[in-house]
Amino acid sequence: MATQNKMTPEEEDKLIQEAYQDLLNGYLSSNHRKKVEIIDKAFKFACEAHKGVRRRSGEPYILHPITVARIVSQEIGLGSTSICAALLHDVVEDTEYTTEDIEAMFGKKIAQIVDGLTKISGGIFGAHASAQAENFRKLLLTMSDDIRVVLIKMADRLHNMRTLQSMPPAKQYKIAGETLYIYAPLAHRLGLFAIKTELEDLSFKYEHPDDYAAIEEQIVANAPRNEEIFSRFAAPINERLKKMGLKFEFKARIKSHYSIWKKMETKHIPFSQVYDYYAARIVFECDNEADEKRICLNIYSEITDLYSMHPDRLRDWISNPKANGYRALHVTVMGPDGNWVEVQIRSRRMDDIAERGFAAHWKYKIGEGEEESELAAWLQTIEDILKNPESNAIDFLDTIKLNLFASEIVVFTPKGELITLPKDASVLDLAFHLHTELGTHCIAGKINHKLVPISHKLASGDQVEVLTSRSQQPKAEWDKFLVTAKGKTRLRAALRHDRRSIISKGEAMLKAFLQENEVEASSVNINRIISAEHLKNRDELYLMIGNNEIALSQSLVKIFKPASRGLLDRLMNPFGNRHSNSNADNEVVANEGKIDTKKVYELRTVDGKSNYRIADCCNPIPGDTVIGFVTDDNEVVVHKMDCEQATRLKSSFGGRIVQTQWETKAKKFNVTISLEGIDRQGILQEIIYLISTNLSLNMRRLNISADDGVFHCELEAMVDDTDVVTQLCKRLKKVKGVSQAVRVR
């Protein structure tokens, strides 16, 4: 990018024209009607509006909207209206032009889309929590007005991620965290698989550059061997499919870097044990949509004649497509190297929809107006949440996220109606899905004519009947039985309705109490009480006061004397106690002067005094990839980069992120190691001897249990850094009977 700063005006004009021509060429080769004149008009208008403006990388700003328009056209598959809106998407926000000006020049539809994009500009998350929730709510509402707003926003975010290297590290962490938190799940739910995968990989690359590079190195090193294995696996299948007279493409698809890393982290395994990191995909040509299912089943039959099938790994997404439109037949068979291989069978049409989402439907449909209706079913599932927003922004976003990344199951009503729900959905989830009244009065369910409790988890293929009673009333503890956003939202709405009088009473009591003690009943002060009492929101506070579960005494007034941390404190300290953590054997000293978040903050420990605090939720140690968050007290709290709380903080309080670096190992850190293996006499003594004598480590805690010859052990020890942990786990695995030794949070 740096070379572009040295370009002459003529060279820059040539670069812009080449980028625009690339956009036009892609559009002209598509199936859309060729409306070049209006695209040309939008391009010239955007060029004039952004004249002289540059991006942080130094390149002319106009290259950004051109690239976004190219992604919209060539990677998502939208037409001239969306291309024009993408070219103009920053004009209203960044220049003197108004939405009315856009409408006068380009018509109402393009102006509406640009207006929708302007309303959700600057990312989903702003500086204040309430603004975040409202901004995201706007994003979802615009989906029902015109889905193209969100698709263009996805293209905008993708280009920003592709050019993230020009941003300072703290900004990179914020944008990458925000992308993983909301944009990637939303892309997944919209069926934009290729974009979802790239957003995840780019976020992973910036948050964990060393892990990304290590996985990339392993993939490259293993490529020749995998190509040979795939060739042996594919050869007999290719021969069979050719005899069927099919025109097809058969290739291996490697799991994304992020997916591989997540599996390694979740399963606590090295790269060498990720056996399913590639899948085989057969994409066949088919002119008649009615023949697709038959051909898929014929291919399935040929494959299972050649290779043994995994009995529990057949996925028929053709008969029951996913909610985002995904259709395919998945079968897992034993490959020639003794590992399971998943084969995905799709027509070309199915493949387009799988990779490019709902926009690909339009390539196969005729007629105006259908493109807006593709997401109607999914939009219906979030309607209740939009009507009953959470008062706390983070809770609201978490509720929305529940359904964004959920795996799906299919169940049936007694009348045979097919219903798609997230994995682990309960009888109560189904009841609320069908109707609020069914949910609030649900007492049990019948699965395949067998009586089950409302908490029972449903499985694909279950036939479910919901049983109700007028005397049944909703209960707060039902929340733990629900996994769907709709169920949780409807339950909370029902509970709010029943509790409104108590809440109103509690609100009045609190305001009167604050007035008596000369404390302003402001949002900030009420949030301080919520934080101090470790509650979720105002309603919960007022309810507990109205029920006399919280006493209005002078101890409550003391909350207002120290500085409050509100939502930030709750996020940074999910376990409530602000200064308690297992690694806090030393004193944390205050920082002198305001911390510069643009510089690297060195984590030091001198004479038992540290200039940082370790986060309770993830307990990082030297060697972990970490970042710091600056509190209101100018204190730096250190989190692991992939910590769940850190992800939410990166998304919500990006301005408080500071890049950190361990300067010294003068402090010991507490870690927990989980051991599993075959029980035998004397194994505990060997483990203790190895740790305390051979490795000279200070052991703090050890719990061991055995059941039917298998043992599980958790031990805590004080270490210097991750190298010591790695060495410890390697040595423990050499103890006879120990099959696994991994560090856990």
Side-chain angles (χ1 to χ4, degrees), residues 168-174 176-177 204-214 261 264-265 572-573 578-631 633-647 649-650 653-654 656-673 695-698 700 716-730 742-745:
K171 201 80 171 172
Q172 289 176 350
Y173 297 148
K174 178 197 182 306
F204 173 45
K205 185 177 182 179
Y206 284 103
E207 290 196 338
H208 299 275
D210 293 340
D211 290 334
Y212 183 93
W261 177 76
M264 290 166 62
E265 289 289 300
M572 297 189 71
N573 305 280
R578 190 173 157 270
H579 286 290
S580 71
N581 71 64
S582 54
N583 284 325
D585 290 341
N586 60 299
E587 182 185 346
V588 180
V589 296
N591 289 286
E592 296 180 6
K594 189 175 180 182
I595 294 166
D596 187 350
T597 56
K598 293 178 181 172
K599 294 182 179 177
V600 177
Y601 183 82
E602 293 187 335
L603 306 172
R604 298 191 302 271
T605 301
V606 181
D607 298 329
K609 295 180 180 180
S610 299
N611 67 341
Y612 61 92
R613 182 157 57 85
I614 295 295
D616 297 350
C617 45
C618 54
N619 285 323
I621 64 175
D624 288 328
T625 309
V626 295
I627 48 175
F629 290 92
V630 184
T631 68
D633 294 337
N634 209 36
E635 191 176 75
V636 173
V637 180
V638 184
H639 284 261
K640 286 179 74 174
M641 183 74 79
D642 59 331
C643 165
E644 185 179 338
Q645 297 300 327
T647 300
L649 284 161
K650 279 179 283 185
F653 300 93
R656 296 186 181 224
I657 297 168
V658 60
Q659 192 179 8
T660 55
Q661 178 179 306
W662 303 99
E663 188 194 50
T664 178
K665 296 179 183 176
K667 178 183 172 184
K668 296 286 185 183
F669 295 83
N670 192 58
V671 297
T672 301
I673 306 293
L695 297 176
S696 301
L697 296 178
N698 178 12
R700 300 285 290 267
E716 287 183 11
M718 302 301 291
V719 301
D720 293 316
D721 56 26
T722 53
D723 290 340
V724 176
V725 177
T726 303
Q727 179 66 20
L728 172 60
C729 290
K730 279 184 180 177
V742 293
R743 176 184 167 199
V744 295
R745 284 185 181 175

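Everything quoted here is computed from the prediction, not taken from an experiment.
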J.: Could you grab the distance from atom OG1 of Thr631 to atom CZ of Arg656, nearest 0.5 Å is fine?
T.: 7.5 Å
J.: Atom OH of Tyr212 and atom OH of Tyr206: how far apart are they, to the nearest 0.5 Å?
T.: 10.0 Å
J.: Write down the atom of Ile621, the atom of Val671, and the distance for their closest heavy-atom approach.
T.: CD1-CG1, 3.6 Å
J.: Is Asp721 reaching over with its side chain to a backbone N or O of Val724, donor-acceptor style, under 3.5 angstrom?
T.: yes
J.: Using the side-chain hydrogen bond (donor to acceptor under 3.5 Å, both in side chains) definition, which of the options Asn611, Asp596, Thr660 pairs with Tyr601?
T.: Asn611
J.: Using only atom types and a distance under 3.5 Å, with no angle test, would you say the side chain of Asp624 pairs donor to acceptor with the backbone of Val626?
T.: no
J.: Quick one: closest heavy-atom pair of Asn670 and Glu716, and the distance?
T.: ND2-OE1, 3.3 Å
J.: Just verifying a value: how many Å separate Arg743 CZ and Leu728 CG, rounded to the nearest 0.5 Å?
T.: 11.5 Å
J.: Measure the acute angle between the ring planes of Trp261 and His208, then classify it against the limits of 30° and 60° as parallel, tilted or perpendicular.
T.: tilted
J.: How many angstroms lie between atom CD of Glu635 and atom OG of Ser610, to the nearest 0.5 angstrom?
T.: 10.5 Å
J.: Looking at NE2 of His639 and SG of Cys617, how far apart are the two atoms once the value is rounded to the nearest 0.5 Å?
T.: 4.5 Å
J.: Are Val742 and Cys729 packed together at the side-chain level, in the sense that at least one heavy-atom pair is separated by less than 4.5 angstrom?
T.: no
J.: How close do Cys618 and Lys640 get, heavy atom to heavy atom, and via which atoms?
T.: SG-N, 3.2 Å
J.: Are Val658 and Val636 side-chain neighbours, meaning at least one heavy-atom pair lies under 4.5 Å?
T.: yes
J.: Measure the spacing between CZ of Phe669 and CG of Asp720 and express it to the nearest 0.5 Å.
T.: 8.5 Å
J.: Does any non-hydrogen side-chain atom of Phe629 lie less than 4.5 Å from one of Ile657?
T.: yes
